Amino acid sequence: MEVAAEPGNLAGVRHIILVLSGKGGVGKSTISTELALALRHAGKKVGILDVDLCGPSIPRMLRAQGRAVHQCDSGWVPVFVDQEQSISLMSVGFLLESPDEAVVWRGPKKNALIKQFVSDVAWGQLDYLVVDTPPGTSDEHMAAVEALRPYSPLGALVVTTPQAVSVGDVRRELTFCRKTGLQVVGVVENMSGFVCPHCAECTNVFSRGGGEALARLAGVPFLGSVPLDPELTRSLEEGRDFIRDFPKSPAFPALSSIAQKVLSKAPARLS
């Protein structure tokens with residue numbers, strides 16, 4: 001008989017959302033960061049678990065580079081991004097000696113660290129734990145799903161860009177979700193057109209509508225399209241709070257709407 005895992009450090013986490021994509025460079029870390037910020041502004045307490053071990057970019061996006069991870073009685077204390085401690089973050093980036101150090105590890109060592117992140121980080125009480133993943137459907141994804149599955153309602157937010165090449169790879173990610181029993185909270189189409197900051201004309205740099213068509217064909221919710229926006233890029237480069245600092249940006253209503261859909265659908269769908 002299979003024995004249920006002890007809740008341990010995830011006992012206080014209400015919902016876990018894995019941000020996935022079969023394609024690299026579609027902006028998973030961007031969506032993870034902005035979703036966490038938007039959920040925080042909606043009054044939620046949020047954690048971010050960065051399991052992109054070879055490309056840990058979220059510490060920079062949240063201006064948390066160089067911070068130290070400390071030990072407590074129940075494990076590692078995550079890094080708190082803000083003074084109110086409403087966003088906490090754990091990433092391999094905090095464990096490297098320098099930002100230029102490469103993680104040159106085989107699968108078993110990566111899997112062991114992911115399992116340690118799940119079992120040994122003292123997250124405390126969280127409304128949402130957002131898990132940023134690397135591209136693909138391989139070792140790190142299986143390790144994360146298997147380690148997280150026993151603890152909390154688990155769902156996937158799948159990110160694509162509009163063009164057919166990206167959509168094809170992301171279609172395989174939806175197959176991964178189906179095979180592993182992950183419920184898809186929805187699909188986000190990122191880099192969906194470029195809105196000129198001078199004339200507000202939208203240019204569809206990477207085609208358009210691929211993410212919405214994919215969601216429709218797969219029978220999963222479409223959460224929205226996020227345009228390319230220089231202000232969003234600048235806020236990520238500078239580690240600023242985009243949701244607070246750029247309310248007039250064309251990407252702002254898109255990201256806010258996605259967060260609201262996650263808030264309205266995820267608890268009902270994942271409870």
Side-chain angles (χ1 to χ4, degrees), residues 15-36 38-39 51-52 55 57 128 130-142 144-145 148-149 153-195 202-229 232-233 250-270:
H15 300 292
I16 300 174
I17 298 178
L18 284 88
V19 179
L20 302 170
S21 178
K23 186 76 173 171
V26 299
K28 289 182 300 299
S29 297
T30 296
I31 296 299
S32 297
T33 299
E34 300 308 329
L35 175 63
L39 291 172
V51 298
D52 190 350
S57 52
Y128 288 90
V130 177
V131 183
D132 183 39
T133 67
T137 56
S138 56
D139 277 5
E140 291 99 319
H141 306 82
M142 291 302 302
V145 171
L148 290 165
R149 192 191 304 278
L154 199 61
L157 189 152
V158 179
V159 183
T160 186
T161 51
Q163 69 269 44
V165 169
S166 177
V167 169
D169 287 343
V170 176
R171 187 179 292 115
R172 288 184 277 277
E173 195 73 43
L174 290 171
T175 303
F176 169 83
C177 293
R178 190 165 59 248
K179 286 187 173 181
T180 55
L182 272 178
Q183 187 165 18
V184 178
V185 177
V187 171
V188 171
E189 182 178 286
N190 196 25
M191 307 182 198
S192 182
F194 171 73
V195 181
C202 182
T203 302
N204 296 308
V205 182
F206 298 123
S207 181
R208 64 174 296 173
E212 187 169 9
L214 173 63
R216 187 170 61 251
L217 287 170
V220 298
F222 181 65
L223 299 183
S225 303
V226 181
L228 282 164
D229 182 356
L232 176 55
T233 303
F252 177 88
L255 290 165
S256 298
S257 172
I258 289 165
Q260 286 302 316
K261 288 176 182 175
V262 169
L263 283 168
S264 64
K265 291 184 179 184
R269 291 173 63 83
L270 302 181

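What you see is a predicted model, and the numbers here were worked out from it, not measured in a lab.
If you take OG on S166 and CG on N190, they are separated by 9.5 Å, rounding to the nearest 0.5 Å. Summarising the geometry, atom CG belonging to L182 is positioned 6.0 Å from atom CZ belonging to F176; distances are rounded to the nearest 0.5 Å. Atoms CG and OG1, from L174 and T137 in turn, are 11.5 Å apart once rounded to the nearest 0.5 Å. Atoms CG and CD, from L18 and Q183 in turn, are 13.0 Å apart once rounded to the nearest 0.5 Å. Rounding to the nearest 0.5 Å places CE of M191 at 12.5 Å from CG of D229.
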I would like to know whether V131 and V19 meet side chain to side chain contact (heavy atoms under 4.5 Å, CB included); could you show each step before the answer? CA-CA 6 Å; V131 183; V19 179; over 6 Å; no

Could you check L228 against T203 for side chain to side chain contact (heavy atoms under 4.5 Å, CB included), going step by step and ending with a plain yes or no? CA-CA 10 Å; L228 282 164; T203 302; over 6 Å; no

side-chain hydrogen bond (donor to acceptor under 3.5 Å, both in side chains) between D132 and S29, intermediate numbers included: CA-CA 6 Å; D132 183 39; S29 297; 2.7 Å; yes

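Of all non-hydrogen atoms in F194 and V205, the two that sit nearest each other are CB-CG2, 3.8 Å. Looking at every heavy atom in both residues, L232 comes nearest to A251 through CD2-CB, 4.5 Å. Heavy-atom minimum distance, S21 versus V26: OG-CG2, 3.4 Å. Nearest approach of A254 to P227, heavy atoms of both residues: CB-CD, 4.2 Å. Closest approach of F206 to P162, counting heavy atoms only: O-CB, 3.1 Å.
The number of heavy atoms from other shown groups lying within 6.0 Å of CZ (R149) is above 12.
In summary, the side chains of Q260 and S257 do not present any donor paired with an acceptor at a separation below 3.5 Å, with no hydrogens or angles considered.
Contact annotation: the side chain of E212 never approaches that of V187 to less than 4.5 Å [non-hydrogen atoms, C-beta and beyond]. A heavy-atom distance below 4.5 Å is not found between the side chains of T133 and E140. A heavy-atom distance below 4.5 Å is found between the side chains of Y128 and V262. At a threshold of 4.5 Å between non-hydrogen side-chain atoms, the residues M142 and T180 count as touching.
For the side-chain contact (heavy atoms from CB on, under 4.5 Å) criterion with L157, the lone passing option out of L35, V184, L20 is L35. Partner of V188 under the side-chain contact (heavy atoms from CB on, under 4.5 Å) criterion, chosen from L223, T160, T161, V158: L223.
The main-chain N or O of E189 is never found under 3.5 Å from a side-chain atom of S192 such that the two would form a donor-acceptor pair. At least one donor-acceptor pair closer than 3.5 Å links the side chain of H141 to the backbone N or O of P134.
The list of salt bridge (Lys or Arg N to Asp or Glu O under 4.0 Å) pairs with a residue in residues 169-182, not counting sequence neighbours, reads K23-D169, D169-R172.
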